[in-house]
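For reference, the structure is listed below as structure tokens.
All residue numbers in this chain count up from 1 along the given sequence.
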Amino acid sequence: MFSSVEDVIQQLSDQEYICDKQIATVVFLAQQLDKPVLVEGPAGVGKTELAKVVSKALGREMIRLQCYEGLDEAKALYEWEYSKQLLYTQILKEKVSETIADAGNLSEAAERVGAEDSVFFSNRFIVPRPLMQAITSDEPTLLLIDEVDKSDPEFEAFLLEILSDFQVTIPEIGTITSNTQPLVFLTSNDAREMSDALKRRCLHLWIDYPNEELEVQILDRKVPNIDKRLAEEVVQLMNKIRDLDLKKTPSISETLDWARALLALNAEELDDQIVGDTLNVILKYEGDVQKAQNELAKLIEKKTAQKAAEAPQKAPAESTKKGILH
């Protein structure tokens with residue numbers, strides 16, 4: 001259990017997750033109020049990672065439901081194991097024959113077989129999927145419903161019963177109520193607008209790209225071998241790239257990948273050559289790469305012009321090689 005907002009910040013930091021007070025407050029309130037959390041924001045800013053580190057900090061098993069177009073109740077809740085039912089039918093064939101042996105007519109035989117429905121429609125033949133696993137677990141769990149915006153509106157409506165009462169109804173068995181209420185995180189990349197009914201049942205959290213100071217801290221924690229000046233240059237240039245009109249804006253995960261790539265190439269600073277050679281690490285579309293290269297060329301031209309204007313005022317000894325952002 002988290003004892004306070006500050007405790008959330010500390011425990012998540014222990015799990016290598018740097019968060020601000022806003023995120024920590026929502027996590028703390030979700031625990032205190034037993035409310036699901038709808039986490040929205042651009043892809044790659046740490047929405048799924050937040051659920052993972054919260055589950056570790058609380059010592060809860062994380063059960064993940066990955067959403068996609070066409071996801072239905074059977075794949076999310078439970079399925080009947082028909083092959084196992086058929087096997088039992090074959091094994092118990094003789095007993096079934098004995099049960100209906102002295103039946104006077106077909107209707108009576110059907111009644112006798114129907115009276116034994118519970119044999120073939122019981123918990124032993126149910127394959128629980130993530131939602132049912134979370135509801136029926138004897139130990140407190142964390143349920144992650146990932147990228148819920150990719151699912152259909154019909155599935156979103158189905159989730160409302162789960163999030164309201166934490167129970168499911170199986171026609172052949174009845175209503176199953178949760179033994180321990182799971183802590184629920186739903187993530188959305190804002191591919192479509194979530195319904196008011198779903199939002200009403202959840203605490204809302206928007207995670208955006210971090211500011212430069214926080215992103216440098218994340219880099220320092222996740223890529224500990226990186227030089228501080230290089231980390232600052234990487235973050236500054238990433239922020240400039242994010243300001244461009246790109247098909248896919250690079251996020252924190254790309255920042256980390258880029259930093260690790262620069263370390264692998266033994267780069268000590270960002271110059272035009274190393275940036276041009278590694279842009280494909282952070283940008284996933286050729287059009288985005290070209291836009292970034294054009295912006296990089298403008299930046300280099302601007303810096304060159306500034307350097308030329310300042311050159312007469314500086315002593316020759318002061319001219320040293322500097323990174324692209326200097």
Side-chain angles (χ1 to χ4, degrees), residues 1-67 76 128-150 159 162-163 166 178-189 201-210 213-226 251-257 259-260:
M1 293 281 289
F2 297 121
S3 60
S4 65
V5 173
E6 290 70 25
D7 185 42
V8 174
I9 295 174
Q10 182 58 52
Q11 290 205 45
L12 296 193
S13 178
D14 293 342
Q15 300 294 331
E16 302 297 318
Y17 189 92
I18 308 297
C19 73
D20 57 22
K21 191 172 182 179
Q22 180 190 17
I23 294 175
T25 300
V26 173
V27 171
F28 179 70
L29 291 177
Q31 172 198 267
Q32 296 299 110
L33 303 177
D34 286 328
K35 296 273 286 186
V37 181
L38 175 60
V39 190
E40 296 187 289
V45 293
K47 302 184 297 296
T48 300
E49 187 66 19
L50 175 62
K52 291 180 180 179
V53 296
V54 169
S55 71
K56 290 179 181 178
L58 293 176
R60 294 189 177 208
E61 176 191 2
M62 190 185 81
I63 299 174
R64 180 175 180 173
L65 172 63
Q66 179 63 52
C67 296
R129 297 305 182 195
L131 293 181
M132 190 169 180
Q133 290 173 15
I135 289 174
T136 59
S137 174
D138 293 328
E139 298 294 331
T141 62
L142 186 146
L143 173 62
L144 170 60
I145 304 175
D146 211 8
E147 297 184 317
V148 66
D149 53 325
K150 289 186 177 180
L159 284 176
I162 305 293
L163 299 180
F166 291 97
S178 62
N179 299 322
T180 58
Q181 183 169 318
L183 183 60
V184 182
F185 280 75
L186 304 95
T187 71
S188 167
N189 292 333
R201 287 163 172 79
C202 302
L203 298 177
H204 183 262
L205 175 62
W206 176 270
I207 300 181
D208 208 341
Y209 302 115
E213 181 182 355
L214 182 58
E215 193 161 10
V216 170
Q217 290 181 35
I218 294 172
L219 260 183
D220 183 58
R221 182 66 66 91
K222 295 291 187 178
V223 191
N225 296 327
I226 192 169
S251 191
I252 301 173
S253 56
E254 281 82 17
T255 304
L256 297 175
D257 288 342
R260 294 183 181 113

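- Partners of Gln133 by side-chain hydrogen bond (donor to acceptor under 3.5 Å, both in side chains), not counting sequence neighbours: none found.
- Here the shortest heavy-atom pairing between Ala24 and Cys19 reads CB-SG, 4.2 Å.
- Contact check for Trp206 versus Pro42: side-chain heavy atoms found under the 4.5 Å cut-off.
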Which atom pairs, donor and acceptor, lie under 3.5 Å between side-chain atoms of residues 29-38 and protein residues at least two apart or in another chain?
unit_1 : atom_1 : unit_2 : atom_2 : d
Gln31  : OE1    : Phe2   : N      : 2.7
Gln31  : NE2    : Phe2   : O      : 2.9

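- Atoms NZ and OH, from Lys52 and Tyr17 in turn, are 11.5 Å apart once rounded to the nearest 0.5 Å.
- The heavy-atom pair separating Ala259 from Val223 by the smallest distance is CB-CG2, 4.2 Å.
- Side-chain contact between Leu186 and Cys202 is present, with heavy atoms from C-beta onward closer than 4.5 Å.
- Shown are Leu65, Ile63, Thr187; of these, the side chain to side chain contact (heavy atoms under 4.5 Å, CB included) with Leu144 is made only by Thr187.
- For the pair Lys47 (side chain) and Glu40 (backbone), a donor-acceptor distance under 3.5 Å is absent.
- Of the possible donor and acceptor atoms, one in the side chain of Ser137 sits under 3.5 Å from a partner among the backbone N and O of Glu139.
- Scanning both residues, Ile218 and Pro210, for their nearest heavy atoms gives CD1-CG, 4.4 Å.
- Formation of a donor-acceptor pair under 3.5 Å by the Gln11 side chain with backbone atoms of Val8 is not found in this model.
- Summarising the geometry of Lys21 relative to Ile9, their closest heavy-atom pair is CA-CD1, 4.2 Å, with the distance given to 0.1 Å.
- In this structure, Val184 and Ile145 have side chains that are in contact, with non-hydrogen atoms separated by less than 4.5 Å.
- Among Leu256, Ile18, Ile252, Thr255, the one residue that satisfies the side chain to side chain contact (heavy atoms under 4.5 Å, CB included) test with Lys222 is Leu256.
- Remark: the backbone N or O of Ile135 is not paired with any side-chain donor or acceptor of Ser178 at under 3.5 angstrom.
- Note on residues 53-67: pairs passing salt bridge (charged side-chain N to carboxylate O under 4.0 Å, His left out), not counting sequence neighbours, are Arg64-Asp146.
- Asp220 places no side-chain N or O within donor-acceptor distance of the main-chain N or O of Val216, the cut-off being under 3.5 Å.
- Shown here for Asn189 and Glu147, the closest heavy-atom pair between the two residues is ND2-OE2, 3.1 Å.
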